[in-house]
A.B. asks: 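This is the structure, below, for whatever I ask next.
In what follows, chains are A, B, ... by sequence order, proteins preceding strands, each numbered from 1.
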Protein chains: 2
Amino acid sequence: MKDIFKALNDDTRREILELLKKQDLTAGEIADNFNISKPSISHHLDILQRADLITGEKKGQFIHYSINTTILDDVFTWLLTLKK
Amino acid sequence: MKDIFKALNDDTRREILELLKKQDLTAGEIADNFNISKPSISHHLDILQRADLITGEKKGQFIHYSINTTILDDVFTWLLTLKK
DNA sequence: AAGTTATTTAGATATTTGTCTAAATACTTA
DNA sequence: TAAGTATTTAGACAAATATCTAAATAACTT
């Protein structure tokens, strides 16, 4: 839960999730959407992956990233308890 | 939105919300629940208030804090768009 | 095998964040 | 008005974070 909120607490990472919502993308394709170096994007992908919000699958020399929204259910549940 | 995710990205602040969910509390009563100095709690309350997650109303020398869950709807909406 | 491409890892740096103590503000009470 | 209580503001500091460049790893191509 801690990791999820941490992962969501960044504009770039939230944008990455919005991109991956539309379609799977490689690390490079994701990086092309930002004015940030590739190592920095790689770092963001790592944080998202640790939070289980995305998964990466290596295909040849590319890594294809996909969003994993099931983990968001935990967030929904926690937020709902606040709303009584 | 940015402010909300920032506010939620901290154990202490999430616990404060859980306390305020049960009942309104003064700043001092909130502080009594943590091993953290009062100024630090005051800082957390400020961050929660800036995110509109809580409101504070002064009554005499006390400030009574209440949770505001309506703002969470924005988070729900954003999270739901990710789930397609 | 050598060069190119895709991505990550390592190390450095500036900014942000959470915490503290001390001081300030505001209200209450004697 | 003076002393006490509740809370915040100010300033300092250590830890965490986002970013960068340079180097390493891995796979493809010729």
Side-chain angles (χ1 to χ4, degrees), chain A residues 1-20 22-68 71 75 78, chain B residues 1-20 22-68 71 75 78:
Chain A
M1 179 63 85
K2 205 166 175 166
D3 289 338
I4 301 180
F5 279 117
K6 174 185 167 173
L8 294 175
N9 184 33
D10 182 89
D11 286 322
T12 302
R13 289 195 290 271
R14 288 197 297 275
E15 276 190 57
I16 290 174
L17 291 175
E18 288 173 6
L19 289 172
L20 290 177
K22 297 183 212 149
Q23 59 194 308
D24 291 358
L25 294 170
T26 68
E29 289 170 333
I30 292 169
D32 289 343
N33 286 273
F34 300 91
N35 285 326
I36 293 178
S37 71
K38 285 180 182 181
S40 293
I41 294 294
S42 184
H43 178 235
H44 285 307
L45 292 171
D46 183 52
I47 289 170
L48 287 167
Q49 203 159 19
R50 280 176 200 279
D52 256 335
L53 281 164
I54 66 174
T55 57
E57 193 187 351
K58 188 152 195 173
K59 290 183 184 172
Q61 67 193 138
F62 298 88
I63 301 180
H64 290 254
Y65 283 99
S66 313
I67 195 170
N68 170 32
I71 200 73
V75 183
W78 187 82
Chain B
M1 181 63 86
K2 204 167 178 168
D3 288 338
I4 301 180
F5 279 118
K6 173 184 169 175
L8 294 175
N9 184 33
D10 181 87
D11 285 323
T12 302
R13 289 194 290 270
R14 288 198 297 276
E15 277 189 57
I16 289 173
L17 291 175
E18 288 172 4
L19 289 172
L20 290 178
K22 297 183 212 148
Q23 60 194 308
D24 292 358
L25 294 170
T26 67
E29 288 169 334
I30 292 168
D32 289 343
N33 286 273
F34 299 92
N35 285 326
I36 294 177
S37 71
K38 285 180 182 180
S40 294
I41 294 296
S42 184
H43 180 233
H44 285 307
L45 292 171
D46 183 51
I47 290 170
L48 287 168
Q49 204 160 19
R50 280 176 200 279
D52 256 335
L53 281 163
I54 64 174
T55 57
E57 193 188 349
K58 188 151 194 172
K59 291 183 183 172
Q61 68 193 138
F62 299 88
I63 300 180
H64 290 255
Y65 283 100
S66 312
I67 195 169
N68 171 32
I71 200 73
V75 182
W78 187 83

A.B. asks: Taking all atoms of both residues into account, what is the closest heavy-atom pair of B:Ile30 and B:Ile41, and its distance?
C.D. replies: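 B:Ile30 and B:Ile41 have their closest heavy atoms at CG2-CG2, 3.9 Å.
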A.B. asks: What's the shortest heavy-atom distance between A:Asp52 and A:Ile71, and which atoms?
C.D. replies: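 Scanning both residues completely, I find the closest heavy atoms to be O-CG2, 3.6 Å.
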A.B. asks: Counting heavy atoms from C-beta on, name the nucleotide in C:dT8, C:dA22, C:dA6 closest to the side chain of A:Gln61.
C.D. replies: C:dA6
A.B. asks: Would you say B:Tyr65 places a side-chain N or O within less than 4.0 Å of OP1 or OP2 belonging to D:dT8?
C.D. replies: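 Checking B:Tyr65 against D:dT8: at least one side-chain N or O falls below 4.0 Å of OP1 or OP2.
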A.B. asks: Starting from P on D:dT7, measure out to CD1 on B:Ile30 and report it in whole angstrom.
C.D. replies: 9 Å
A.B. asks: When you get a sec, tell me which of C:dT17, D:dT8, D:dA18 is the closest nucleotide to the side chain of A:Arg13?
C.D. replies: D:dA18
A.B. asks: In terms of side-chain heavy atoms of A:Thr26, which of D:dT7, C:dT7, C:dT8 is nearest?
C.D. replies: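 Minimum distance to the A:Thr26 side chain belongs to C:dT7.
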A.B. asks: What is the distance from CG of A:Leu48 to P of D:dA18, rounded to the nearest Å?
C.D. replies: 10 Å
A.B. asks: D:dT19, C:dG18, D:dT7: which one has an atom nearest the side-chain heavy atoms of B:Asp10?
C.D. replies: C:dG18
A.B. asks: Under 4.0 Å, heavy atoms only, any strand: does A:Ile36 hit a base, just the sugar-phosphate, or nothing?
C.D. replies: sugar-phosphate
A.B. asks: Grab the two heavy atoms, one from A:Leu48 and one from A:Ala7, that are nearest each other, plus how far apart they are.
C.D. replies: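 Where A:Leu48 meets A:Ala7 most closely, the heavy atoms are CD2-CB, 4.1 Å.
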A.B. asks: On DNA chain D, nearest-nucleotide positions of A:Lys6 versus A:Ser37: which is more 5'?
C.D. replies: A:Lys6
A.B. asks: Once you round it to whole Å, what is the distance between C1' of D:dA16 and CG of A:Asp3?
C.D. replies: 14 Å
A.B. asks: In whole angstrom, give the distance that lies between atom CG of B:Asp46 and atom C1' of C:dT17.
C.D. replies: 13 Å
A.B. asks: Measure CD1/A:Ile16 against P/D:dT19 and give the value in whole Å, please.
C.D. replies: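 Going from CD1 in A:Ile16 over to P in D:dT19 covers 9 Å.
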A.B. asks: On DNA chain D, nearest-nucleotide positions of A:Phe62 versus A:Thr12: which is more 5'?
C.D. replies: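 Result: A:Thr12.
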A.B. asks: Answer yes when A:Asp11 and A:Arg14 have at least one side-chain N-carboxylate O distance shorter than 4.0 Å, and no when they do not.
C.D. replies: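 Yes, A:Asp11 and A:Arg14 are salt-bridged.
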A.B. asks: If you pin A:His43 and B:Ser40 to their nearest nucleotides in DNA chain C, which one's is more 5'?
C.D. replies: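 Result of the comparison: A:His43.
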A.B. asks: Given D:dT19, C:dT7, C:dC20, identify the nucleotide with an atom nearest to the side chain of A:Ile63.
C.D. replies: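 Closest of the options to the side chain of A:Ile63: C:dT7.
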A.B. asks: Quick one: A:Asn9 CG to D:dA16 C1', roughly how many Å, whole number?
C.D. replies: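 About 12 Å, once rounded to whole Å.
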A.B. asks: Would you mind reading off the distance between A:Leu45 atom CG and C:dA6 atom C1', rounded to a whole angstrom?
C.D. replies: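 These atoms are roughly 13 Å apart.
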A.B. asks: B:Leu20 and B:Leu25: which non-hydrogen atoms are nearest, and at how many Å?
C.D. replies: CD2-N, 3.7 Å
A.B. asks: Picking from C:dC20, C:dG18, C:dC27, which would you name as closest to the side chain of B:Lys58?
C.D. replies: C:dC27
A.B. asks: B:Lys59 has an atom NZ; how far is it from atom P of C:dA26, in whole Å?
C.D. replies: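 It is 20 Å, rounded to the nearest whole Å.
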